[in-house]
> 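Here it is, the structure, as structure tokens.
These values consider heavy atoms only, across backbone and side chains, with no hydrogens, waters or symmetry-generated copies. By convention in this document, chain letters (A, B, ...) are assigned in the order of the sequence lines, proteins followed by strands, and residues within each chain are numbered from 1. Keep in mind that this is a model prediction, so the values were computed, not measured.
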Protein chains: 2
Amino acid sequence: MQLEPQYKELLDTALEGSGQRATKQREHVYALLLQKRDHPTADEIYARARSEMPTISLATVYNCLETLVETKLIRQVNFEREPTRYCPNLTQHAHFYCRESGEIVDIELSDQLIGELMKVLPKGFSAQHIDIAYDGKCNHCHD
Amino acid sequence: MQLEPQYKELLDTALEGSGQRATKQREHVYALLLQKRDHPTADEIYARARSEMPTISLATVYNCLETLVETKLIRQVNFEREPTRYCPNLTQHAHFYCRESGEIVDIELSDQLIGELMKVLPKGFSAQHIDIAYDGKCNHCHD
DNA sequence: AATAATATTTAGAATAATTCCAATTATTGC
DNA sequence: GCAATAATTGGAATTATTCTAAATATTATT
């Protein structure tokens, strides 16, 4: 599996910018996330990573994910107390969790809607991030 | 500490409705949540509970909280992978987490705003719940 | 290209929140 | 008050994640 040149570029710049090194493992984990955008957990990424890189360890997967989150190339996604999931979609979006299929779908959010959510904050409060998680039934699981 | 009669009533009805029993422990945990609405964790509730009920166990605290959540008398509140917190505010609201003080504040949400959030869902999706978590700086921690 | 300095990976141990378990105790319906 | 059932308890088990220290890889320097 290959990391597309534009993403390779993005990764290298982000790592360099934070004084970190480009390694095979980081590249591979990032490529996996870009390739199958189904919000996998660390364990799932570990399983996927091993087919091409059998010696990678789970700790390394966690380390790589941490680095990618810190450099803002990916986002963490949490639902209740379930294992953290990872997402390379950097646009402003919420997540929809289907209780039936377990599928997680990105929901794009307009600046306008985010603006309205910011407006309801009491005076003196400022938010740097809003995390929005829907849960219900997705289109595939409809009656 | 006393559970106010209207809440005692609410609790008894909710428990009876789901075929569960009213116990001292359940009442006490519920009373603690109503009395100090600072979104405590199970551990914090355990510590508070013990001063008046020294023999209560942590497992029981977890059990009581589970029952209260199931009967919809309280809500769980999660931030990232931090320990789950509990909240007896049943109105439609989001949570604001202050990175500086750690304080968690309820943010009331209008039906209108919730409606708009529902409207951005793609066709075929239906949500039964939206979880909204802000994080940033609260009024006390302002510059 | 070899070497030194530094960062990363690795495997396994440690941690922390939560759940499970089996025995005891409390509550409810008769 | 007694039997039936549900809840509580303490401790063990589980699970996601982090930590640790040794081995390996990368980068900078000669």
> Using a 4.0 Å heavy-atom cut-off, does B/Thr67 contact any base of the nucleic acid, only the sugar-phosphate backbone, or nothing at all?
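Nothing, no nucleic acid heavy atom in range.
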> Nearest whole Å is fine: how far is D/dA7 P from B/Glu16 CD?
13 Å
> Under 4.0 Å between any heavy atoms, over every strand shown, what does A/Thr23 touch: base, sugar-phosphate, or nothing? Just pick one.
sugar-phosphate
> Which one, C/dC20, C/dG12, D/dA25, comes nearest to the side chain of B/Ala59?
C/dC20
> Quick one: is C/dT27 close enough that its OP1 or OP2 comes under 4.0 Å of any side-chain N or O from B/Lys24?
yes
> Between B/Ala42 and A/Tyr46, which residue's closest nucleotide on DNA chain C lies nearer the 5′ terminus?
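The answer here is A/Tyr46.
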> Using a cut-off of 4.0 Å on non-hydrogen atoms, how would the nucleic acid contact of A/Thr41 be classed: base, sugar-phosphate, or nothing?
nothing
> Please determine whether a side-chain nitrogen or oxygen atom of A/Thr84 lies at a distance below 4.0 Å from atom OP1 or OP2 of D/dA16.
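The answer is no; no side-chain N or O of A/Thr84 sits under 4.0 Å from OP1 or OP2.
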> Please report the shortest heavy-atom distance between B/His93 and B/Leu109, naming the atom on each side.
C-CD1, 4.0 Å
> Looking only at non-hydrogen atoms, find the nearest pair between A/Val120 and B/Tyr134 and report the distance.
CG2-OH, 3.3 Å
> Taking only the side-chain heavy atoms of B/Asp43 (C-beta and beyond), determine which of C/dT10, D/dT17, C/dA17 contains the nearest atom.
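Of the options given, the side chain of B/Asp43 lies nearest C/dA17.
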> With nearest nucleotides of DNA chain D determined for B/Val61 and B/Gly19 from heavy-atom distances, which residue corresponds to the more 5′ nucleotide?
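Closer to the 5' end of DNA chain D: B/Gly19.
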> Counting only distance, no hydrogens or angles, is the base of C/dT8 paired donor-acceptor with the side chain of A/Arg26 under 3.5 Å?
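Side chain to base: no pair below 3.5 Å.
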> What pair of heavy atoms forms the shortest contact from A/Ala22 to A/Leu15, and how long is it?
CA-CD1, 3.7 Å
> Could you see if A/Tyr97 belongs to whatever hydrophobic cluster contains A/Ile132? Use Ile, Leu, Val, Met, Phe, Trp, Tyr and a side-chain cutoff under 4.5 Å.
no
> Decide yes or no, distance alone: a donor-acceptor N/O pair under 3.5 angstrom between the base of C/dT8 and the side-chain of A/Arg21.
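No.
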> Ignoring backbone atoms, test whether A/Tyr62 places a side-chain nitrogen or oxygen under 4.0 Å from the OP1 or OP2 oxygen of D/dT17.
yes
> In whole angstrom, what separates A/Leu15's CG from C/dT9's C1'?
15 Å
> Atom CD of B/Gln76 to atom P of C/dA17: distance rounded to whole Å?
15 Å
> Using a 4.0 Å heavy-atom cut-off across all strands, classify A/Gln20 as base, sugar-phosphate, or nothing.
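Answer is sugar-phosphate: A/Gln20 comes under 4.0 Å of backbone atoms only.
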> Of the options D/dT9, D/dA16, C/dT8, whose atoms approach the side-chain atoms of B/Gln25 most closely?
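From the listed options, D/dT9 comes nearest.
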> Could you please name the option among D/dT17, D/dT8, C/dA26 that lies closest to any side-chain atom of B/Asn63?
D/dT8
> Please name the pair of heavy atoms, one in A/Lys123 and one in B/Asn139, separated by the smallest distance, quoted to 0.1 Å.
O-CB, 3.8 Å
> Considering only side-chain heavy atoms of A/Ser57, which listed nucleotide, C/dT10, D/dT9, C/dA17, is closest?
C/dT10
> Nearest to the side chain of B/Cys64, which nucleotide is it out of D/dT8, D/dT9, C/dT10?
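The closest nucleotide is D/dT8.
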